[in-house]
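Here's the structure, in structure tokens; my notes come after.
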Amino acid sequence: MKLKNDQLSGRDIRRKLFNGWMLAVLFMATLVTVLPLFNIFVYVLKQGIPALNLDFFTQLPAPVGETGGGMANAMLGSLTLVFLAAALGVPVGIAAGVFLSEYKESKLAHPLRFGVDLLTSIPSIIVGIFAYALVVRPIGHFSAYAGALALAIIIIPIVARTTEEILRLVPVHIREAGLALGIPRWRVILVVVLKGTRAGVITGVMLAVARAAGETAPLIFTALNNKFWARSLDQPIASLPVTLYNYAISPYEDWHRQAWAAALVLMVFVLVLNLVTRLTIGRVAKGRKRD
Amino acid sequence: MSRAPKKREEHFGDRLFLWILRGVAVAVLLLLAAIAIEVFDVASPAFRKFGAGFLLSNNWDPVNEEFGALAFIYGTVVSSLIALCIAVPISVGAALFLTEIALEGLSKPVSFLIEMLAAIPSVIYGLWGIFVLAPWMRTTLQPWLGEHLGFIPLFSGPGYGVGMLTAGIILAIMITPTISAICREVFNAVPQIQREAALALGATRWEMIRTAVLKSSGLGIFGAVILGLGRALGETMAVTMVIGNRPEISSSLFAPAHTMASVIANEYAEAAGDMHLSALAAVGFSLFVVSFLINFIARLLLFRPVSGRS
């Protein structure tokens with residue numbers, strides 16, 4: 001049914017044009033957001049792939065200024081540091097997350113949540129200063145222990161947060177059912193709740209590990225770096241991000257080439273972990289909602 | 001389940017479990033306090049020697065043991081400001097696009113990509129900054145800015161590629177995922193009814209966004225921005241690698257500079273003497289305090305508009 005005033009007024013046309021223009025602007029904003037990711041990705045692949053060879057994974061660094069050599073010690077060092085850090089940080093983080101989710105009524109819950117949020121937001125270089133003050137200063141030299149402590153502090157709040165979120169997804173009636181059957185509360189939590197959410201908690205841990213593996217700032221003056229294999233854990237130890245940093249700011253072409261290779265290895269590691277995490281958490285969350 | 005519960009045993013198990021968890025909770029809180037205390041401890045010689053002047057003096061001279069952190073405060077403030085100016089419109093725009101315009105088939109993968117941006121380690125941003133962004137700045141952007149806007153002191157002087165502007169740009173890229181993700185949550189929290197009401201009254205898509213979504217999300221967006229600022233303050237590696245590492249205050253954005261985080265990363269491991277180290281820790285403690293305040297404010301702002309979860 002055609003109405004009398006169906007003609008579009010000039011003002012309406014202007015509004016429509018402006019609308020189209022703004023939508024395009026928003027689209028451009030999204031494009032600009034994602035563009036750097038692709039650029040970085042392309043460059044890391046472009047520069048990193050040619051630089052990868054067997055030497056990179058098996059050799060120690062060559063003497064300064066010489067070409068060749070690899071980052072085998074840095075990779076082992078990173079694995080060592082992350083493993084130590086996780087051994088310390090993951091149990092603490094999970095315990096904190098369990099506490100926040102299962103004992104919400106406790107008077108400690110609110111301060112703890114605030115504290116965990118705070119820990120997440122501390123600049124990682126400050127964590128490095130703390131680890132320096134606590135471990136490096138009294139011992140007198142840099143060590144893997146100090147680096148591992150710094151990374152553990154970074155891991156704890158991430159694991160706590162994700163654990164709490166995952167556990168929260170478990171419906172209350174599951175806990176109530178367990179308690180109604182006479183199972184003690186601690187058993188309900190450990191066996192009933194944690195067992196079912198194992199996948200989610202583990203992926204939260206992987207997220208934290210991925211983050212710790214990429215951290216540089218807290219390591220530069222705790223674990224420092226090492227041109228050779230670390231002979232013991234109370235000595236400085238090489239790590240992939242720190243070596244990457246040192247090579248990148250150096251004046252040597254060959255080191256730049258190796259830095260790109262390191263970036264490729266690091267990026268693949270971190271992104272794969274994140275991808276698996278996001279996919280699994282998505283599935284866990286969806287599964288729960290169906291109950 | 002026919003076994004009669006041995007009351008005392010299970011109470012004991014529950015109590016023990018609770019006490020262990022409580023212990024962990026207290027330990028985490030103590031850790032937080034310990035960090036503040038220990039960093040202050042390393043920093044206190046410098047604070048005692050220079051007092052409040054530490055934050056106001058522009059003289060950073062490790063050789064003569066004179067330390068003033070003003071250049072770093074300036075660097076941190078300016079680089080963060082640049083980052084916010086660039087990142088906020090882009091992040092808010094992208095968040096709006098993803099929540100209001102894009103279909104789920106598009107918004108899900110794109111949100112995922114933006115999260116991937118957040119997962120890339122800072123050193124890799126720095127590496128890319130040194131070998132891709134900085135040369136581009138030196139050969140393309142800085143000459144262009146100098147040519148067209150060189151009369152403004154901000155864009156005067158030679159552009160070496162590394163400097164305040166480059167650091168600001170890299171920071172912008174790094175905080176965009178944070179701001180955008182929180183904005184998305186804020187926008188999703190707006191009731192659908194408001195959108196429908198605006199559309200029913202004849203608003204165009206954009207007018208609906210402006211009136212129904214943006215207007216009521218002001219506080220939430222501000223919170224997201226503050227959180228992004230908090231992230232920018234703490235960013236270390238990428239900034240260290242592209243900012244030029246010169247403890248100087250200059251009116252030009254092309255000039256090299258230093259931020260509070262980058263000077264620590266640059267000088268700590270080879271600090272010349274105890275006072276130098278202490279001064280660096282003092283810069284660190286100041287950064288810690290500022291970062292704490294900023295994040296605290298952000299949480300306050302975000303607690304209300306986004307129902308509960310921040």
Side-chain angles (χ1 to χ4, degrees), chain A residues 15-16 18-19 22-23 25-27 29-30 32-34 36-37 40 43-44 92 95-96 98-99 103 108 111-112 115-119 121-126 129-130 133-134 153 156 181-182 184-186 210 214 216-217 220-221 224 241 244-245 248-249 259 263 266-267 270-271 274 278, chain B residues 1 5 10 13-14 17-18 21-22 24-25 28-29 31-32 35 38-39 41-42 90 93-94 96-98 101 110 112-117 119-124 126-128 130 132 173 176 180 204-206 230 233-234 236-237 241 261 264-265 268-269 281 284 287-288 291-292 295 299:
Chain A
R15 282 170 61 207
K16 277 205 145 162
F18 188 66
N19 179 57
M22 282 315 291
L23 294 187
V25 164
L26 293 184
F27 177 70
T30 316
V32 169
T33 309
V34 182
L37 175 69
I40 295 177
Y43 264 95
V44 170
V92 174
V98 167
F99 182 75
Y103 288 93
L108 275 175
L112 181 63
V116 167
D117 274 348
L118 217 66
L119 268 178
S121 61
I122 297 185
S124 58
I125 193 127
I126 311 281
I129 299 184
F130 171 68
L134 210 66
I153 298 178
I156 289 176
L181 286 171
R185 191 173 186 182
W186 65 274
T216 320
I220 356 183
F221 41 79
L224 202 70
L244 206 174
Y245 170 64
I249 61 176
L266 198 55
M267 195 157 97
V270 166
L271 287 186
N274 267 276
R278 307 282 172 187
Chain B
M1 275 279 149
E10 269 133 27
D14 273 350
F17 189 67
L18 181 57
L21 286 188
R22 278 209 189 123
V24 171
V28 171
L29 290 171
L31 175 67
L32 205 52
I35 294 179
E38 282 290 332
V39 173
D41 187 50
V42 182
I90 293 182
L96 279 178
F97 180 79
L98 288 172
I101 303 172
V110 175
F112 180 72
L113 283 179
I114 298 183
E115 277 175 25
M116 289 297 105
L117 251 185
I120 296 182
S122 187
V123 246
I124 298 187
L127 182 70
W128 176 79
I130 294 182
V132 180
I173 301 176
T176 298
S180 156
T204 63
R205 205 66 186 275
W206 166 249
L233 290 179
T236 314
M237 295 322 294
M241 289 159 100
I264 302 175
Y268 202 92
L287 182 63
F288 178 59
S291 170
F292 170 76
N295 278 281
R299 307 280 167 188

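Within every chain, numbering begins at 1; the chains are lettered A, B, ... in the order of the sequence lines, protein sequences first and strands thereafter.
Taking CZ of F17(B) as the start and OH of Y103(A) as the end, the distance is 5.5 Å to the nearest 0.5 Å. Going from atom CG of L37(A) over to atom CE of M116(B) covers 9.0 Å, rounded to the nearest 0.5 Å. Of the inter-residue distances, the one linking L29(B) atom CG with L112(A) atom CG reads 5.5 Å to the nearest 0.5 angstrom.
Only the side chain of V270(A) has a heavy atom closer than 4.5 Å to any heavy atom of chain B. For I114(B), the part lying under 4.5 angstrom from a heavy atom of chain A is the side chain only. Interface remark: V132(B) contributes side-chain atoms only to the contact with chain A (heavy atom separation under 4.5 Å). Interface residue M237(B): only side-chain heavy atoms are found under 4.5 Å from chain A. Contact annotation for A210(A): neither backbone nor side-chain heavy atoms come within less than 4.5 Å of a heavy atom of chain B. With a threshold of 4.5 angstrom between heavy atoms, T176(B) approaches chain A through side-chain atoms but not through N, CA, C or O. If you measure heavy-atom distances from I90(B) to chain A, the contacts under 4.5 Å come from both the backbone and the side chain.
Of the listed residues (L266(A), V98(A), L224(A), L271(A)), the one with the most heavy-atom contacts under 4.5 Å to chain B is L266(A). Taking chain A as the reference chain and counting heavy-atom pairs below 4.5 Å, the highest number among L117(B), I35(B), L18(B) is found for I35(B).
Contact annotation: the side chain of L31(B) never approaches that of V92(A) to less than 4.5 Å [non-hydrogen atoms, C-beta and beyond].
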